[in-house]
Amino acid sequence: MNKKDYKSLDNQALNDHEPASDEEEDEEEEEMDENVGKIINVAFDARPPTDSDYHGVRRLLQQLFVKQINDELSELANLIVAQDSVGCVLKQDRNEDSDEDDSDDSDDDDEDDENVFAVNTVINLSQNQNLSCIERINTLLKTTCLENHKGDATRMTKLLDNASHQIGLMISERFINIPPQVALPSYQSLKSDIERAIRKKKKFNFSHLILISKTYRAKGETQMGNELFYSNPEEQLFSDMCEFSYTYSVGDQRDGLSDGQWDDEGGDFESLRTVMVFDASALGHMISKLQSEISPT
């Protein structure tokens, strides 16, 4: 996997996730007032996950799955970190921070290890059936499809239980202020990783891919009607390419993104998850769509 640089991140993205002491709060508030709306150049790179990324990966999984597989998140994070030949994490490139004192580096090491701003990977749902996290995800997908698919409610069950299929769950999670432009190189890198793994006879020769998207919809009667919004806007581009999809609510699990208290244009929003199932060949088309629709930073 090649390292890739990502630049131009909204300043607020860093402030949201770097802890501050009580003594620093007033000073940080003043700095934030001055920096609101500004764009600063920060170098990022995509790299294979390592053991030190475990906590950062787990945090991102938590915002996707909320309480649905809470007990199995640690096992899932370990699985993602262990398959370091497929997938990547997005971290700040500390080599670009020439203004920082070398003496400060050792003090910040532990904090930097947890600063995973995004993860893009795929796990095989047809393998490792002995793992609790795989079993739980498969059960979640089957159950939510049975309860929410407007067509054949057993379609997900038939897909996952078909021994001739190899199903990959794509996980594309990032902090909310990371721009969508990072999606293109991340998916390009993932496609290359999968192709390399297949050449090495690893179990990544998928027949289908599944993506769980964080979505939300306005509650009640509003001008937005029943429109579905995507937290990762590029995933709306993928929705026309899927074989089937369905949406279910996680509004009672308070995921911190849209839990019924997030106000935008005077309306409350319900937090949802939209499951999309693709033929594996669609990954190339998804990347082409990103190339044509997502402007570079």
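A continuous path of ILVMFWY side-chain contacts below 4.5 Å connects V86 to I198, so both sit in one hydrophobic cluster. In the hydrophobic clustering of this structure, L146 does not group with L141; members are Ile, Leu, Val, Met, Phe, Trp, Tyr whose side-chain heavy atoms approach within less than 4.5 Å, directly or through other members.
A donor-acceptor distance shorter than 3.5 angstrom exists from the side chain of E75 to the backbone of S132, with no hydrogens or angles considered. Between the N162 side chain and the S164 main chain, a donor and an acceptor come within less than 3.5 Å of each other. Judged purely by atom type and a 3.5 angstrom limit, S288 uses its side chain to pair as donor or acceptor with the backbone of G284. Distance alone, capped at 3.5 Å, places no donor-acceptor pair between the T274 side chain and the T215 backbone. Using modelled atom types, no side-chain atom of N120 and backbone atom of C88 make a donor-acceptor pair closer than 3.5 Å. Judged by distance alone, with hydrogens and angles left aside, the side-chain atoms of S239 form a donor-acceptor pair with the main-chain N or O of Q236 at under 3.5 Å.
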Full working for side chain to side chain contact (heavy atoms under 4.5 Å, CB included) between F65 and I212: CA-CA 9 Å; F65 289 107; I212 304 175; 3.9 Å; yes
Carefully, step by step, assess Q129 and E135 under the rule side chain to side chain donor-acceptor pair (under 3.5 Å). CA-CA 6 Å; Q129 296 293 325; E135 179 181 1; over 6 Å; no
Steps toward side chain to side chain contact (heavy atoms under 4.5 Å, CB included) verdict (V116, R59): CA-CA 9 Å; V116 176; R59 185 181 299 113; over 6 Å; no
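Separation of atoms CG (D279) and NE2 (H285) is listed at 8.5 Å; rounding is to 0.5 Å. Taken to the nearest 0.5 Å, the CD atom of E235 stands 7.0 Å off from the NZ atom of K214.
Using a 4.0 Å cut-off between charged nitrogen and carboxylate oxygen, E234 and R174 count as a salt-bridge pair. With respect to D240 and K289, no salt bridge is recorded, no charged nitrogen being found less than 4.0 Å from a carboxylate O. The pair K91-D53 meets the salt-bridge criterion, since a charged nitrogen lies less than 4.0 angstrom from a carboxylate oxygen.
Of the candidates I123, N124, L160, I167 forms a side chain to side chain contact (heavy atoms under 4.5 Å, CB included) with just one, namely L160.
Contacts of S192 classified as side-chain contact (heavy atoms from CB on, under 4.5 Å), with partners at least two apart in sequence or in another chain: R196. A search for side-chain contact (heavy atoms from CB on, under 4.5 Å) contacts involving N148 returns T144, Y246, Y248, not counting sequence neighbours.
Below 30°, between 30° and 60°, or above 60°: for F117 and F175 the angle between ring planes is above 60°, a perpendicular geometry.
Two rings, from F238 and Y187, have their centers less than 6.0 Å apart.
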